[in-house]
Amino acid sequence: MSTHHHHRSTLKQQNKPFKSRHSTKSSLKDKAKGRVPSLQAVNTKRPDPRIPPLPTQAQAKQNRRNQAKQVQKAKRQSLVEATRIFNGIDGAPRIVAVVPLCEDISAKDLALKLRGVLEGEATKEPEEACPNRGIWRIRAERFRTSIQFILLSYGQFYETLDAVKAADYVVLGLSAADEVNSWGESLLRGLQAQGFPQVVPVVPTTTDPTESKKPNPKTSAGILKSLLSFTQYFVPSITRVYDLSSTSDTSNALRSLCEGKPADVKWRNGRSYILSEDISFDLDLSTAMDASPKGTLKVTGVVRGAPMTADRLIYLQGYGDFQINRILSAPRRPRGPQGDGTMDVEAKVLSEPSDEKDELVAVNEVDDMQNEQTWPTEEEMQGGGLMERAEEGGDGEKKVRRVPKGTSAYQAAWLLEDEDLGSENEEHDSDSDEDKGRDEVEMAEDSVHGSGIQAGAADEKEEYEDIAEEQSSKAVAFEDIDMEEEKRQLDSWRARKSEHSTHMAFPDEIDTPMEIPARQRFARYRGLKSFRTSPWDPDENLPRDYAKIFRVGEKEWEAVSRRIGEVEGVEPGTRVTLEIANVPQEFFQARDPKSPLVVHALHKHEHKQTVVNFTLQRNSEYNEPVRSKDKLILCLGSRRIVVNPLFSQHLRGGSKSTNNVHKFERFLKEGVAAVGTIYGPLTFGRLPITLLKETEGAQAPILVATGTLLPPSTSRIIAKRIVLTGHPIKVHKRTVTIRYMFFNPEDVNYFKPVQLHTKHGRTGHIQESLGTHGYLKAHFDGPVTQMDTVCMSLYKRVYPKWSEEWRGGLGDGTQDDEMIE
């Protein structure tokens with residue numbers, strides 16, 4: 001009988017079967033068809049009363065309508081609040097700057113054509129009252145507002161910039177016959193960098209006045225299309241160009257000026273300003289006999305922007321900052337019984353200075369007695385500084401070495417120098433104690449013993465015959481040459497180097513002077529192991545100018561910039577008279593009465609001087625080199641000052657390195673963002689920056705660069721780099737003999753701690769000096785090729801220059817002598 005073997009049933013594996021063939025994730029997803037169960041459906045036991053039920057289709061539609069209605073109501077309310085100061089014929093006028101871009105365009109003609117649409121309404125402003133240049137105010141009763149034209153002349157660059165700073169709208173006058181020349185394009189670029197308000201481009205007519213043919217609609221459409229393409233290059237938001245020869249286009253252009261809210265200029269938000277309507281000057285009799293008489297300047301106009309208070313300072317273009325005596329109300333004369341507007345209204349004092357008013361203190365008073373006083377140490381009094389130790393042979397730990405018998409001529413040559421150094425040390429330390437005297441005697445004996453070895457080396461000449469080959473595996477052969485041959489080889493090598501290298505390949509490379517020792521010429525420079533991480537104390541060896549400026553932290557600056565509009569005072573839209581104190585009489589006498597005057601109010605502390613930093617991007621159409629410390633005109637918000645900016649590297653994202661050290665740039669490179677630094681007035685907010693350079697024409701500057709204001713940072717270190725180069729004459733694996741980097745052994749020993757590097761990426765250090773002509777031996781971290789160049793980077797901190805007010809004239813650009821290395 002056969003039996004079958006089988007396993008026990010307890011060892012058999014039983015898998016869990018599916019509960020249903022329709023319970024997989026994919027089947028449940030297909031069955032749901034995108035529906036998501038509500039929370040109430042999940043909790044079927046008891047619905048949560050806090051969760052509202054899902055709305056029905058009709059309720060959802062009604063909710064969307066209500067939401068859209070609320071958004072529309074909020075937009076209308078914001079528009080009403082924004083245009084409230086313009087409401088009414090006697091409200092604040094809409095400021096319109098009329099800018100002609102061609103010589104055949106007249107701002108007066110453009111204003112009269114726009115006024116022609118209101119014929120029969122603006123009877124109070126006859127055409128004879130419209131000036132060729134200046135301010136002209138008209139009433140637009142159809143639109144229940146008023147317009148204040150700033151009529152500008154062609155060719156007035158700076159006057160146009162100042163007028164657009166206060167304008168709500170800009171009317172660009174284009175010509176159908178003449179193209180916009182280089183001056184017009186420079187003006188548009190300057191306005192673009194400064195910030196455009198709402199722009200309305202117009203053309204007086206689309207036909208050439210010299211031609212007698214009838215206007216062709218196709219030609220007119222082509223001209224308008226071409227002008228639109230040109231203006232959109234500078235202002236992309238423009239949608240059309242208005243033809244003032246057409247009544248409908250003129251009416252639409254005027255409607256765009258009289259209705260709606262003008263576009264905001266970001267940097268003007270939170271800053272108050274006044275466009276002057278009337279100016280008078282009261283001389284202070286107590287200063288009448290002074291060289292510069294002063295008095296009170298009274299400026300009448302409408303407050304715009306932010307509220308204005310008498311505690312803040314007022315900026316006058318070209319003359320600086322001044323205090324306010326008081327702010328008086330100056331409402332327009334209301335209409336009398338005959339409707340002629342001749343009723344007198346008594347002026348009221350709206351604001352007076354309080355105890356918290358700003359003072360005209362721009363810099364700190366320097367107290368030299370508070371400077372750090374350091375008594376020299378005993379080592380320094382004995383002449384044990386870095387320079388003396390370098391002249392005595394490097395570190396000074398071992399000045400004399402014992403050489404075993406059989407030394408080479410190359411090693412014996414060093415015994416002469418060590419003997420001399422030992423004798424100098426013996427003389428220098430002759431006044432020391434007895435223990436030091438015994439050490440000097442022992443060192444002198446050692447040096448005498450070494451000289452005996454050197455003397456015996458000539459007699460034992462046969463022992464050194466084969467040493468040159470043995471030493472070639474460990475050291476490099478060296479031979480001194482005379483100075484004339486050295487100079488000839490140096491000139492030849494520099495000529496070859498200049499042919500194969502350019503300034504852009506290594507911009508910081510300079511030649512070591514032969515007449516002046518390098519340790520004296522570059523005494524202010526230091527070596528850094530890592531440019532980004534090596535420590536550098538920002539308060540080390542600061543100049544006297546740093547004691548004059550005010551130091552503001554970046555966080556404090558950011559916090560004040562965010563609250564820049566939170567001020568109390570005379571509300572915008574109020575017509576007032578400013579009484580500005582201690583204004584020079586020269587300002588009132590030299591001012592052109594037809595030129596618009598815009599006075600800007602400053603925020604607290606904006607009169608104080610600090611380190612001003614700003615980003616820069618060079619204008620691609622300017623081809624001339626822009627050197628650091630060149631004299632330029634800086635347009636910073638409402639200010640225009642003369643500066644000599646320092647250029648430095650701008651890290652990606654505006655961040656800073658570990659030690660906050662940034663490399664100095666000798667030139668402003670094209671296509672690369674840089675940072676400019678000056679001593680200038682403190683300014684809050686991310687204001688636009690414009691750099692201009694004057695030419696022979698007083699009103700034809702060139703746009704050099706544009707940028708944005710950065711937070712002031714007095715701890716930002718600008719390090720100027722120079723690179724000393726040397727030529728490898730002997731190379732054995734990682735040991736190299738270098739020449740032309742220095743020209744005396746004292747310089748080699750002085751710069752011995754500084755790290756070396758090559759253009760191919762090797763790093764190393766100086767081992768020792770060779771001979772008397774500045775040759776040196778260095779060891780690197782890898783093999784060095786004969787075609788490589790050995791470099792040594794040295795750094796020193798550079799400081800900016802002071803700025804001054806621009807008054808309409810600027811001399812030739814100057815260069816600092818220190819820039820030419």
Side-chain angles (χ1 to χ4, degrees), residues 387 390-394 408-421 423-424 451 454-455 457-458 461 464 467-468 471-472 475-503 506 508-523 525 722-732 735-752 754 756 758-759 764 766-778 784-792 794 817 820-821:
M387 187 73 70
E391 294 176 353
E392 292 173 3
S408 64
Y410 165 72
Q411 295 171 333
W414 282 96
L415 293 176
L416 293 175
E417 293 185 3
D418 290 343
E419 184 180 6
D420 296 337
L421 289 173
S423 62
E424 291 177 4
S451 62
Q454 180 190 8
K461 186 176 181 181
Y464 301 97
I467 290 180
Q471 207 162 329
S472 63
V476 180
F478 173 74
E479 180 182 359
D480 263 333
I481 57 177
D482 58 349
M483 291 301 297
E484 294 182 359
E485 180 66 18
E486 182 78 16
K487 190 175 184 307
R488 188 192 65 80
Q489 293 185 11
L490 175 62
D491 295 340
S492 176
W493 178 73
R494 285 178 176 174
R496 291 195 306 268
K497 184 185 66 171
S498 62
E499 294 176 0
H500 295 286
S501 61
T502 59
H503 176 73
F506 219 124
D508 299 323
E509 184 177 332
I510 66 171
D511 296 325
T512 306
M514 296 183 63
E515 299 80 8
I516 307 174
R519 61 186 183 278
Q520 297 180 8
R521 174 63 182 85
F522 308 120
Y525 289 82
I722 60 171
V723 179
L724 307 181
T725 57
H727 176 57
I729 56 173
K730 293 291 183 180
V731 177
H732 178 71
T735 303
V736 183
T737 300
I738 305 167
R739 63 176 179 177
Y740 302 151
M741 181 174 288
F742 304 106
F743 298 100
N744 56 76
E746 291 80 7
D747 290 343
V748 177
N749 294 326
Y750 183 87
F751 290 99
K752 190 175 182 180
V754 183
L756 301 176
T758 67
K759 290 187 177 181
I766 300 175
Q767 285 189 331
E768 56 184 350
S769 175
L770 305 177
T772 60
H773 294 168
Y775 286 47
L776 57 97
K777 183 170 69 173
V784 179
T785 62
Q786 190 74 36
M787 302 300 296
D788 207 346
T789 302
V790 182
C791 306
M792 176 186 288
L794 301 175
D817 297 336
I820 304 174
E821 296 288 351

Problem set entry | Working for side-chain contact (heavy atoms from CB on, under 4.5 Å), residues Thr725 and Val790 | CA-CA 6 Å; Thr725 57; Val790 182; over 6 Å; no
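- In terms of heavy-atom proximity, Met792 sits nearest to Ile766 at CE-CD1, 3.9 Å.
- Taking the six-membered ring where tryptophan is involved, the planes of Tyr525 and Phe522 are perpendicular, since the angle between them exceeds 60° and thus also 30°.
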For this session: May I have the step-by-step check of side chain to side chain donor-acceptor pair (under 3.5 Å) for Tyr775 and Glu486, ending in yes or no?
Result: CA-CA 11 Å; Tyr775 286 47; Glu486 182 78 16; 2.9 Å; yes
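- Contact of the Phe743 side chain with the Thr512 side chain is registered, since non-hydrogen atoms from C-beta on lie closer than 4.5 Å.
- Pairing each heavy atom of Gly774 with each of Val748, the nearest pair is O-CG2, 3.7 Å.
- Using a 4.5 Å heavy-atom threshold, the side chains of Ile738 and His727 count as separate.
- By the ring pair (Phe, Tyr, Trp, His ring centres under 6.0 Å) test, Phe742 pairs with Phe751, sequence neighbours left out.
- Counting only heavy atoms from C-beta outward, the side chains of Arg739 and His773 never approach each other to under 4.5 Å.
- The shortest heavy-atom contact between Val784 and Val731 is O-CG1, 3.0 Å.
- Counting non-hydrogen atoms of neighbouring residues, nucleotides and ligands closer than 6.0 angstrom, the CD atom of Glu484 reaches no more than 12 such neighbours.
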Problem set entry | Thr789 and Thr758: CA distance, side-chain angles, deciding distance, side-chain contact (heavy atoms from CB on, under 4.5 Å) verdict | CA-CA 5 Å; Thr789 302; Thr758 67; over 6 Å; no
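- Considering only heavy atoms from C-beta on, Leu776 stays 4.5 Å or farther from Thr737 through its side chain.
- Asp747 contributes a side-chain N or O that, together with a main-chain N or O of Arg519, makes up a donor-acceptor pair within less than 3.5 Å.
- Taking Glu485 as the reference, Ile481, Asp482, Arg488, Gln489 meet the side-chain contact (heavy atoms from CB on, under 4.5 Å) condition, with sequence neighbours excluded.
- With sequence neighbours left out, the salt bridge (charged side-chain N to carboxylate O under 4.0 Å, His left out) criterion links Glu515 to no other residue.
- Side-chain contact of Gln520 with Tyr750: a donor-acceptor pair under 3.5 Å is absent, judged by distance alone.
- Annotation for Thr785 and Pro728: closest pair O-CG, 4.4 Å, computed over non-hydrogen atoms.
- Looking only at side-chain heavy atoms (C-beta outward), Ile722 and Asp508 stay at 4.5 Å or farther from each other.
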For this session: Apply side-chain contact (heavy atoms from CB on, under 4.5 Å) to Glu509 and Lys759, showing your working.
Result: CA-CA 12 Å; Glu509 184 177 332; Lys759 290 187 177 181; 3.6 Å; yes
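- Scanning all heavy atoms of the two residues, the minimum distance from Arg521 to Pro513 falls at CG-CG, 4.1 Å.
- For the pair Lys777/Thr735, a side-chain contact is recorded, criterion being any heavy-atom separation below 4.5 Å from C-beta on.
- The shortest side-chain heavy-atom distance between Cys791 and Leu724 does not fall under the 4.5 Å cut-off.
- Considering every non-hydrogen atom in both Pro745 and Thr772, the closest pair reads CD-O, 3.6 Å.
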